[in-house]
Amino acid sequence: MTDAVVLFFVLGVVARLAKSDLRLPEALYETLSIFLLLAIGLKGGVELAKQPIASVLPPAIAAIFLGATIPLLLYPVLRGLGRLAVVDAASIAAHYGSVSVVTFAVAVSLLAQRGIASEPHMPLLVALMEAPGIVVGIVLARVLGRPASGPRSPLRWGPLVHEVLFGKSVLLLLGGLVIGAVAGPQALSPIEPLFFGLFKGVLALFLLEMGLVVGARLGDIRRAGAFLVAFGLGAPLVLGLLGAIVGHLTGLSLGGTALMATLAASASYIAAPTAMRIAVPEASPALSIGVVLGVTFPFNITFGIPLYLQYARWLGS
Amino acid sequence: MQTHAKKLLVIIAEAALEKPLIRDARQFGAHGYTITEVRGGGERGDREAQWEADRSIEMKVIVDSAVAERLANHVLEAYAPHYAVTLFTNDVGVFRAEKF
């Protein structure tokens, strides 16, 4: 059973490939992304208030650890098999260490459609997994990479940390979680129709826009070459399994394990490109964005997520 | 009405450079700046402002010619090798010299 929102994504890709004049206003894209982040945060927050902290800690720590480990696993593959430059390998590894909130939203939508519950603290894990992979990727590039000429300019960590921690993704996810937890279900009921009732429709519109974006990046894939295409398909398959195992070991439910697998398999296309552009400007954004948006993102939302749910089922049985 | 000769320096760059460029402009002596979001294409491909990493900005600063030259040199040296950057200058006349 295909989730209808995925078809909107396909429509966007087709529109772009057909050179249609369809274009969503940038302000709408921004509005939709703010909505999705807040809605995911709020939903988790309402439930999170009822959770004992002891049940949240193990998966939270595991999520941070997983986010930081993924770039270290991918870097040697990108360097050794892909023969990529140090900075490009580190940058791509950082993108996979971080997470894609939209991929997570599609997984949440699929679980809801199939009536599978998941832990309310999963949105917290999304926020926690945003930064570690990016930091590890930057350190890899700075430590192992040599500047082409002259001494490397010192990195200004301050603005970078600010960018990631107070960027809209982490701010709105955590902000939504706190508002949801503090306000509680009763105080939230007046805004529930907007944030919870319209969630899927908004996600559909957002994915239409993502289809347009991905359609425009398909040219990058051809330039990226066969290795990166294979990497963009293989990495989420392996990382998804790793995420599912971590989710299972930290005691997550079937839905939670599938979401953890999705987070591990997903690659950031908002926070990571911005941070890497500032911290490692020598890395080619066409390569990293080409593989993340052109290969992994479409793979995850179409075939990946149902497969990660299957991983969770295998581990649970 | 009398005008005073100044240089308009226009820098078109990836949006990731917005904060560093504002910091640099201030440091090199610009009193103000104007930024607009733009889209376009060049030798580094098309930038269509479709999502966060795809945005571009156009920054305008009106300064003395010496400041324009120093700032332009810095931008060329620090950012042009690795970022999509276009810059050019133009002679302009301003009405209130002390503002720039």
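Excluded from the calculations below are hydrogen atoms, water molecules and symmetry mates; all remaining heavy atoms, backbone and side chain alike, are included. So you know, we letter chains A, B, ... as the sequences are listed, proteins then strands, and number each from 1.
Here Gln50(B) contributes atom CD and Met210(A) contributes atom CE; the two are 9.0 Å apart, rounded to the nearest 0.5 Å. Glu26(A) CD to Asp54(B) CG: the interatomic distance, rounded to the nearest 0.5 Å, is 9.0 Å.
In this structure, Tyr83(B) and Arg277(A) have side chains that are in contact, with non-hydrogen atoms separated by less than 4.5 Å.
Of the atoms belonging to Ala216(A), it is side-chain heavy atoms, and not backbone ones, that fall under 4.5 Å from chain B. The contact between Leu293(A) and chain B is made entirely by side chain atoms (from C-beta outward), counting heavy-atom distances below 4.5 Å. Residue contact with chain A, scored on non-hydrogen atoms closer than 4.5 Å, involves the backbone and the side chain of Glu48(B) alike. Ile289(A) touches chain B through its side chain: at least one heavy atom from C-beta onward sits under 4.5 Å away, while N, CA, C and O do not.
The number of heavy-atom neighbours closer than 6.0 Å to CZ of Arg39(B), taken from other residues, nucleotides and ligands shown, is 12 or below. Summarising the local packing, CZ of Phe8(A) is surrounded by 12 or fewer heavy atoms from other residues, nucleotides or ligands at distances under 6.0 Å.
The shortest non-hydrogen separation linking Trp51(B) to Tyr269(A) is NE1-O, 2.9 Å. Residue Pro281(A) comes nearest to His82(B) through the heavy atom pair O-CB, 3.3 Å, listed as atom of the first residue, atom of the second, then distance.
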